[in-house]
Amino acid sequence: MKLKSLILAAGKGTRMKSELPKVIHKVNGVPMIKKIIDILDELKVQENILILGHKKEEILDVIGNVSYVVQNEQLGTGHAIMMAEPKLKDFQGNILVVCGDTPLLKVETLKKMYEFHMKSRATTTLLTSIYENPFGYGRIVKENGKIVSIIEEKEASEQEKKIQEINAGVYCFNSKELWETLKKIDNKNEKGEYYLTDIISIQVKENKNVETYLLEDNLEVLGINSKVELAQANIILRERKNNNLMEDGVILIDPNNTYIEENVKIGRDTVIYPGALIQGKTTIGENCTILGNTRIIDCEIGNSIKIESSVLEESILDDFVTIGPFAHLRPKTHLKEKVHVGNFVEVKKSTLEKGVKVGHLTYLGDAIIGENTNIGAGTITCNYDGKNKFKTIIGKDSFIGSNTMLVAPIKIEDCGMTAAGSVITKDVPSKSLAVARSKQIIKLNWRKD
Ligand code: UD1
Ligand code: CA
């Protein structure tokens, strides 16, 4: 496929009213520009070239390694494309132009449009759609069913404003003809900008074959210019993602109130309750139950796991783990098979081996806990002395009494025990009980009332 793409992303996005460049605002968890690059990669174009300008460093920080050209002054969409001429003037093929602010496009649509462009041997093909309220979009002016020009909102007459067929901002250009025509556009219009859309009327006048490809689903070409449109795009993408998951066998109790970001993967028969927020690169296995008020980000979750009302960040959970309610797993936590982390427990950068139970009111940080050990309610690893962090290591089959303070660095060997209320500052040998608290005194008949 002799096809390269240009992605327009140099504009200021003034209507977004934001410090962030428009194209890195997220749609269902993914920066819109990234979403578009993903779509074009799926289409297998030979090369994606971005046109960057306004806050380009911030955009590059988000998307990493890409080819790009710079438009220093934002003098319009036509001017933006001119910036790519030195890079593409010798390219013999077609150039697909997409705006960085239309992240709802589907790869099938681009494929069909490209095939149509090739079949009709067009010089230029552009994607159009019908909007009941077309305000803001360029209108498609046709004579005898054939496009003759695109009129922007600002220049449109009352009559033209009524036209409901709009320019989606997606074009397939014959490369050589594109560079020829671009030389002929000017900025004599209301905005004083070089409009890419002026190419159409010039090529039509030169009797070139300009085609339109009508897209039925107008939601796909929604251009995001404001935060209201950003919210609309979020809703649409979320619905698509939820539908895909359900088609693959995931059970969503109330899809309208379930928030699962684009790159999340979930296995069959896993049930997600309303109010769950599942983000980033999270993967969840089969037969899990995720109850409401749970936020999971960048986690690797196995099969048959139950999570209730908890926050999980960058953690790994092996099969049959149960979490919550009201637990917090912080980064680099690994819970092995059948571990239970219960009410008001926080775990950070720790590994809990198979079958460990931490039921209530506990903080475990920088710890390794051996198989089947039970951590009593209120246990705290004192891992920080104000300057440095230290490790707590507990062997297998140990029993940590309620309200134990484990002052790290500390080691409890296999089958070790601590008495409730102890402040443990010395290592505990295997099978021993450590008691570190003041003895109980009884004062008989103490009360005088
Ligand atoms: C544009 C089209 C309009 C179409 C609509 C579809 C023109 C003149 N108008 O209008 O016909 O209906 O898209 O969504 O093309 N950009 C640059 N450099 C610039 C100006 C813009 O790179 O100098 C980029 C922007 O970052 C954005 C894209 O081009 O990603 C479109 O610009 P925008 O200002 O949103 O154009 P619209 O007014 O929406
Ligand atoms: Ca736009």
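Counting starts at 1 for both ligands and their atoms, in listed order.
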Which segment of [X] sits under 4.0 Å of ligand 1 when only heavy atoms are counted:
{"X": "K22", "result": "side chain"}
{"X": "A9", "result": "backbone"}
{"X": "N225", "result": "side chain"}
{"X": "H54", "result": "neither"}
{"X": "E193", "result": "neither"}

Could you check whether [X] pairs with [Y] (Lys NZ or Arg NE/NH1/NH2 to Asp/Glu carboxylate O, under 4.0 Å)?
{"X": "K161", "Y": "E158", "result": "yes"}
{"X": "K332", "Y": "E314", "result": "no"}
{"X": "K336", "Y": "E353", "result": "yes"}
{"X": "K4", "Y": "E47", "result": "yes"}

- Between P21, G138, P134, G76, flag the one that comes closest to atom 23 (O) of ligand 1 by a heavy atom.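 Among P21, G138, P134, G76, the closest heavy atom to atom 23 (O) of ligand 1 comes from G76.
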Compute whether any side-chain donor of one residue and acceptor of the other, for [X] and [Y], lie under 3.5 angstrom apart.
{"X": "N167", "Y": "Y171", "result": "yes"}
{"X": "S18", "Y": "H25", "result": "yes"}
{"X": "E193", "Y": "H79", "result": "no"}
{"X": "E262", "Y": "N28", "result": "yes"}
{"X": "T124", "Y": "E211", "result": "no"}
{"X": "Y137", "Y": "E165", "result": "no"}
{"X": "T322", "Y": "H340", "result": "yes"}

Against ligand 1, does [X] come closer than 4.0 Å with any heavy atom?
{"X": "H79", "answer": "no"}
{"X": "R15", "answer": "yes"}
{"X": "T197", "answer": "yes"}

Shortest protein contact, [atom] (heavy atom only):
{"atom": "atom 25 (C) of ligand 1", "value": "G11 N, 3.7 Å"}
{"atom": "atom 24 (C) of ligand 1", "value": "L8 CB, 3.7 Å"}
{"atom": "atom 5 (C) of ligand 1", "value": "N167 O, 4.0 Å"}
{"atom": "atom 7 (C) of ligand 1", "value": "T77 OG1, 3.4 Å"}
{"atom": "atom 10 (O) of ligand 1", "value": "E152 OE1, 4.1 Å"}
{"atom": "atom 31 (C) of ligand 1", "value": "C99 SG, 3.8 Å"}
{"atom": "atom 22 (O) of ligand 1", "value": "A10 N, 2.9 Å"}
{"atom": "atom 18 (N) of ligand 1", "value": "Q71 OE1, 2.7 Å"}

Examine all N, O or S atoms of T102, backbone included, and report whether one is under 3.0 Å from the Ca ion (ligand 2).
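Coordinating: no.
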For this session: Kindly confirm or rule out an N or O of G136 lying under 3.5 angstrom from an N or O of ligand 1.
Result: no
Self-check item: K208 vs E206, salt bridge (Lys or Arg N to Asp or Glu O under 4.0 Å): CA-CA, chis, key distance, verdict
Solution: CA-CA 6 Å; K208 301 273 158 65; E206 291 174 349; 3.5 Å; yes
The Ca ion (ligand 2) -> D101, closest N, O or S atom is OD2
- request: Name the orientation class of the two ring planes belonging to F116 and Y213 (parallel below 30°, tilted from 30 to 60°, perpendicular beyond 60°).
  value: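 Tilted: the ring planes of F116 and Y213 meet at 30° to 60°.
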- Message: I'd like to know if atom 1 (C) of ligand 1 has any protein heavy atom within a distance of less than 4.0 Å.
- Response: no
